[in-house]
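The block underneath contains the structure these notes are about, expressed in structure tokens.
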Amino acid sequence: MLWLLALLCLVPFHAAWAGDKSCDVEIAQADRLEPGDDYDPFGGSSLGYNRVELRFRGNGPPCTVVVGIDDGQYGNRMMQHAGERLAYELYKDGSRSQPIGNINGPESGLFKLTLDERNDRAEIQVYIHVPPGQVVRKGPYQDRVVLNAYELRNGTPVGPIATRLVQVRTRVREVVDAAVTVNGATRPLSGTSGVLDMGELSRTGGGRFDLTVNGNSDYTLSLSSENAGRLVAPANGGSIDYQVAVQGRTLSLSRGTSIDLGGNGRYQIDVIVGDVSRALAGTYRDNLILTISAR
């Protein structure tokens, strides 16, 4: 009789444990999220997709889960490097119509899937988008987000039942963009940027133009001359020496020269012509070549 009572006590205990058994899943193959290419601040937007796999580890009934992603370690979907931040967003689709959120956001921002012993793996795709036009310093940018999986019980998310810390990262390219302003006209520093007319010279003279540089790294300004720092007159074979000064620093062009600069800036470049009192009459010219190189 005592044995029968013990059996009756065991039955309801086992039934209650089976009914409360929770879903057993894991988030796998999700170590990092990154765009396909390095980020170019002067280029278009950067978009890439990454696969995330969920695995069913139980042997019970089918398990329905929803998956979300938090806003990252800075709370607003930002990657950081050297104190500068680069905004990004995560989406469920390549057309960027469904931003991914966490459990406290709209339902459309979550992934919903069902797993069981037969279909024990499921894959979701996470798209990362870095908007264009963010001129930040070059280098590796990163953030950390948490992927959370919740069990869906009677339409209510419970958990999280699985989490995974994932690195979000990209590299910002070094870029530099420059323009030259001559006689009030501004043109990109490519091809022929302008003609500096110094007018009629009787003894000494010169002119000036401005160089505007935008970039996210240090850079080098190189100057060279087609005629090694001489204005020449093809008609009479004469020549006149000249120099240039960048922000008051005089540079010789006999062999070409360079100067290290950095950051965004507007630089005044002066052309200084020597004594022309003994030069033959005529029209003198030279091509001054400016090159900006990021470093």
Side-chain angles (χ1 to χ4, degrees), residues 27 29-52 68-96 99-102 124-148 163-180 186 188-190 210-223 246-247 249 257-267 269 290-295:
I27 303 172
Q29 295 184 3
D31 295 325
R32 61 182 180 269
L33 303 173
E34 57 188 1
D37 298 317
D38 292 347
Y39 181 71
D40 182 350
F42 295 151
S45 61
S46 182
L47 178 68
Y49 74 92
N50 303 259
R51 295 183 174 90
V52 177
I69 304 177
D70 75 356
D71 288 335
Q73 67 184 110
Y74 306 111
N76 51 2
R77 297 271 168 90
M78 291 281 183
M79 289 179 274
Q80 181 170 292
H81 167 69
E84 296 195 47
R85 294 190 176 185
L86 183 69
Y88 72 94
E89 188 54 90
L90 302 176
Y91 295 93
K92 295 170 63 177
D93 60 324
S95 59
R96 310 199 309 273
I100 300 174
N102 206 8
I124 60 177
Q125 289 187 343
V126 177
Y127 291 82
I128 176 172
H129 176 250
V130 185
Q134 301 181 73
V135 182
V136 294
R137 180 163 291 274
K138 68 176 182 178
Y141 284 71
Q142 63 180 18
D143 187 21
R144 290 194 305 271
V145 296
V146 179
L147 275 69
N148 295 300
T163 63
R164 190 176 183 100
L165 188 65
V166 177
Q167 186 182 63
V168 181
R169 68 183 190 184
T170 192
R171 176 172 289 276
V172 175
R173 298 175 183 173
E174 54 186 27
V175 293
V176 63
D177 182 57
V180 172
T186 300
L189 187 61
S190 59
D210 294 322
L211 173 68
T212 304
V213 183
N214 295 306
N216 67 348
S217 68
D218 294 336
Y219 48 88
T220 299
L221 167 63
S222 300
L223 301 99
V246 180
Q247 297 292 93
R249 178 180 172 182
T257 188
S258 62
I259 180 172
D260 291 334
L261 302 169
N264 299 331
R266 186 178 181 92
Y267 306 98
I269 300 180
L290 286 77
T291 305
I292 296 289
S293 304
R295 57 182 175 85

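All values reported here derive from a predicted model rather than from experimental measurement.
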As an exercise, state the distance from CG of Asp71 to CD1 of Ile100, rounded to the nearest 0.5 Å. 11.5 Å
Would you mind reporting whether Gln125 and Arg51 have side-chain heavy atoms less than 4.5 Å apart? yes
Between Gln134 and Ala87 (side chain of the first, backbone of the second, donor and acceptor by atom type, cut-off under 3.5 Å), is there such a pair? yes
What heavy-atom pair brings Tyr127 and Asp93 nearest, and what distance separates the two atoms? CD1-C, 3.5 Å
Given salt bridge (Lys or Arg N to Asp or Glu O under 4.0 Å), test Asp210 with Arg266 step by step and report yes or no. CA-CA 7 Å; Asp210 294 322; Arg266 186 178 181 92; 3.3 Å; yes
Tyr49 atom OH, over 12 foreign heavy atoms within 6.0 Å: no
State, with a plain yes or no, whether a side-chain heavy atom of Pro41 is found less than 4.5 Å away from one of Val172. yes
About how many Å separate NE2 of His81 and CD of Gln142, when rounded to the nearest 0.5 Å? 10.0 Å
How long is the span from the CD atom in Glu174 to the OG atom in Ser293, to the nearest 0.5 Å? 10.0 Å
Would you please test Asp177 and Val213 for side-chain contact (heavy atoms from CB on, under 4.5 Å) and show each step? CA-CA 6 Å; Asp177 182 57; Val213 183; over 6 Å; no
Atom CE of Met78 and atom CD of Gln73: how far apart are they, to the nearest 0.5 Å? 13.0 Å
Quick one: do Val168 and Arg32 satisfy side-chain contact (heavy atoms from CB on, under 4.5 Å)? Show the steps, please. CA-CA 6 Å; Val168 181; Arg32 61 182 180 269; over 6 Å; no
Hey, are Tyr88 and Asp143 close enough side-chain-wise for a donor-acceptor pair under 3.5 Å? yes
Which atom names give the shortest non-hydrogen contact between Pro35 and Val130, and what distance separates them? CG-CG2, 4.0 Å
Between the main-chain N or O of Asp70 and the side-chain N or O of Arg77, is there a donor-acceptor pair closer than 3.5 Å? yes
What distance separates Ile259 CD1 from Thr257 OG1, expressed to the nearest 0.5 Å? 8.0 Å
Taking it one step at a time, do Gln80 and Leu86 satisfy side-chain contact (heavy atoms from CB on, under 4.5 Å)? CA-CA 6 Å; Gln80 181 170 292; Leu86 183 69; over 6 Å; no
Is any side-chain heavy atom of Val176 closer than 4.5 Å to one of Asn214? no
Hey, what do you get for OG1 (Thr163) to CG (Leu147), rounding to the nearest 0.5 Å? 9.0 Å
Hey, does Arg85 have a side-chain heavy atom less than 4.5 Å from the side chain of Tyr141? no
Is there a side-chain contact between Thr186 and Val180, using heavy atoms and a 4.5 Å cut-off? no
Any side-chain heavy atom of Leu261 sitting closer than 4.5 Å to one from Thr220? no
Would you call Arg96 and Glu89 a side-chain contact if the rule is heavy atoms closer than 4.5 Å? no
Going by heavy atoms in the side chains, are His129 and Ser45 under 4.5 Å from each other? yes
Give the minimum heavy-atom separation between Leu47 and Gly94, together with the two atoms involved. CD2-O, 3.7 Å
Name the one of Ile27, Val52, Ile69, Val145 that satisfies side-chain contact (heavy atoms from CB on, under 4.5 Å) with Val166? Val145
Side chain Asn216, main chain Val175, donor-acceptor under 3.5 Å: yes
